[in-house]
Amino acid sequence: MSRFSPRVKLSNSSSTSAISSWFGNQFVAVPGDYYSIATANGTGSSGTITFSSIPATFSHLQVRLIANMGATNNFNIRFNGDTTSANYIYHQIYGDGTNTGAGASVGLPFAGYATTSYYGISIIDIFDYANTNKNKTISTIHGSDANGSGFSLFRSGLWLNTAAINQIEIVAGTNFTTASKFALYGIKG
Amino acid sequence: MPAGPTYEPLMTHTIVTPATSYNLTSIPATYTDLILIVKSQVATVNNSNFIRFNGDTASNYSSTILSGTGSSPYTFRYSNDSRIFIDFYASPANVDFGMDVVHINGYSDTTINKTTISRGASPYGTDLIVGLWRSTAAISSIQVIQPSFNFNAGTTFTLYGVTAA
């Protein structure tokens, strides 16, 4: 993919700002080390999104999604086809505008939530996913807002398995709409 | 096969004179997501930063806030608002800087309303905030607002584009 070099104008300046050599340690991720692996869209007829044949050549993975379903529902993440809830643990803290809550349990890590009209957005980080000496830890930030309802949530998760992750599924109880977008990225370093 | 590097810095700017807002305009629609990073400092603590899109100042925004100050967690909701919060208790400081990282997934998708997720961090707290702009328009400009006090000189705004394969 060729590098796109747009010029975005800042209203307080008399000229546009291009990508410059100023960038150094102020990057959140160093350009060139963050790779798009695969994308998937909802089909309207399935509640499962699958990323398979994930290469073991990165250090970490990130899933970025914005999703909606035909009914208000949660969706979860699972690895390598492991459907056994006892193999997963999570902790969470959330706020819904009225109440805060925290919890921990055994079960599939949360990937997001959506209402029928408004979308949920999630950023899911999976650290050291290919390291066969470690169980796998993930971190999720998620939010869904429907102008009067919704919540913000932090969740951490653990997959009790040292296998390298080669498949990720996002699983919902209802079908993802066709406007739902999922993307998997690999981070080198 | 990975598609290649996909995390592109679009612009960055550090202000040299105080200002109450900054606009990032002419944002191309060619990326999948945007990530906005605001490193800010103001004259007085605990004054939240906000964003608006495409010059829309109407009550088309809402925010659901989770915030922690070190003593308790808090949650708030603002509906039918004229802006989206990107921090709350983790608002800019007057000596040290506050940091806001705002993810805008699907910013150019004209079939969906726009949802943001922001993490705020400062010496005064930590926040996670979801925002909604009830518009299906592609986002072509972002205004970052400090309505109570000026952003101090040294405040930096950085925008990245993320492209899926």
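Throughout, a chain's letter reflects where its sequence line sits, starting with A, and its residues are numbered from 1.
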Checklist outcome for this item: Comparing Gly161(B), Pro73(B), Ser67(B), Gly68(B) against chain A, the one with the most heavy-atom pairs below 4.5 Å turns out to be Pro73(B)
Checklist entry - Quick one: does Glu169(A)'s side chain have a donor or acceptor within less than 3.5 Å of a partner on Thr48(A)'s backbone? => result no
Item to check | Heavy-atom contact with chain B under 4.5 Å, split by part of Ala146(A) | outcome: backbone
Checklist outcome for this item: Most contact-rich option vs chain A, by heavy-atom pairs under 4.5 angstrom, among Asp81(B), Asn80(B), Ile129(B), is Asn80(B)
Checklist outcome for this item: Under 4.5 Å to a heavy atom of chain A? For Thr116(B) that would be backbone
Checklist entry - Quick one: of Gly95(A), Ala38(A), Ser122(A), Ser53(A), who has the most non-hydrogen atom pairs under 4.5 Å with chain B? => result Gly95(A)
Item to check | Per-residue contact mode, Ile93(A) against chain B (heavy atom under 4.5 angstrom) | outcome: both
Next on the checklist: At a 4.5 Å cut-off on heavy atoms, which part of Thr111(B) comes close to chain A: side chain, backbone, both, or neither?
Outcome noted: side chain
Checklist entry - Judged by atom type as modelled, is there a donor-acceptor pair below 3.5 Å linking the side chain of Ser48(B) to the main-chain atoms of Asp87(B)? => result yes
Checklist entry - Pick from Thr12(B), Ile35(B), Ile27(B): which one makes a side chain to side chain contact (heavy atoms under 4.5 Å, CB included) with Leu159(B)? => result Ile27(B)
Checklist entry - Given the options Asn113(B), Ile104(B), Val162(B), Ile65(B), which has more heavy-atom pairs under 4.5 Å with chain A than any of the others? => result Val162(B)
Item to check | Minimum heavy-atom distance Phe88(B)-Asp127(B), with the two atoms named | outcome: N-OD2, 2.5 Å
Checklist entry - Using the ring of each side chain (for Trp, its six-membered ring), is Phe176(A) parallel, tilted or perpendicular to Phe75(A), with breaks at 30° and 60°? => result perpendicular
Item to check | Whether Tyr78(B) and Phe76(B) hold their rings parallel, tilted or perpendicular, with breakpoints at 30° and 60° | outcome: tilted
Item to check | Segment of Asp33(B) engaging chain A (4.5 angstrom heavy-atom cut-off) | outcome: side chain
Item to check | Options Gly101(A), Ser149(A), Gly186(A), ranked by heavy-atom pairs under 4.5 Å with chain B, top entry | outcome: Ser149(A)
Item to check | Part of Tyr94(A) lying under 4.5 Å from any heavy atom of chain B | outcome: backbone
Next on the checklist: Is Leu128(B) close to chain A through its backbone or its side chain, or both, or neither, when contacts mean heavy atoms under 4.5 Å?
Outcome noted: both
Item to check | Cation over ring face, Arg83(B) and Tyr61(B), 6.0 Å, 45° | outcome: no
Next on the checklist: Are Tyr124(B) and Tyr89(B) an aromatic pair, judged by ring center distance below 6.0 Å?
Outcome noted: no
Checklist outcome for this item: Per-residue tally against chain B (heavy atom, under 4.5 Å) across Ser152(A), Gly143(A), Ser144(A) peaks at Ser152(A)
Next on the checklist: Membership question, hydrophobic clusters at under 4.5 Å side-chain separation (ILVMFWY): are Ile37(A) and Ile124(A) in the same one?
Outcome noted: yes
Next on the checklist: Please classify the contact between Asp109(B) and chain A as side chain, backbone, both or neither, with a heavy-atom cut-off of under 4.5 Å.
Outcome noted: side chain
Next on the checklist: Using a 4.5 angstrom heavy-atom cutoff, name the option from Leu184(A), Thr177(A), Ile141(A) with the most pairs to chain B.
Outcome noted: Ile141(A)
Checklist outcome for this item: Scanning both residues in full, the closest heavy-atom pair of His60(A) with Phe127(A) reads ND1-CA, 3.5 Å
Checklist entry - Given a strict heavy-atom distance threshold of 4.5 Å, which part of Ser63(B) is in contact with chain A: side chain, backbone, both, or neither? => result backbone
Next on the checklist: Ring of Tyr129(A), cation from Lys136(A) - is the NZ or CZ under 6.0 Å from the centre and inside 45° of the axis?
Outcome noted: no
Item to check | Greatest number of heavy atom pairs closer than 4.5 Å to chain B - which of Asp145(A), Asp96(A), Asn99(A) | outcome: Asp145(A)
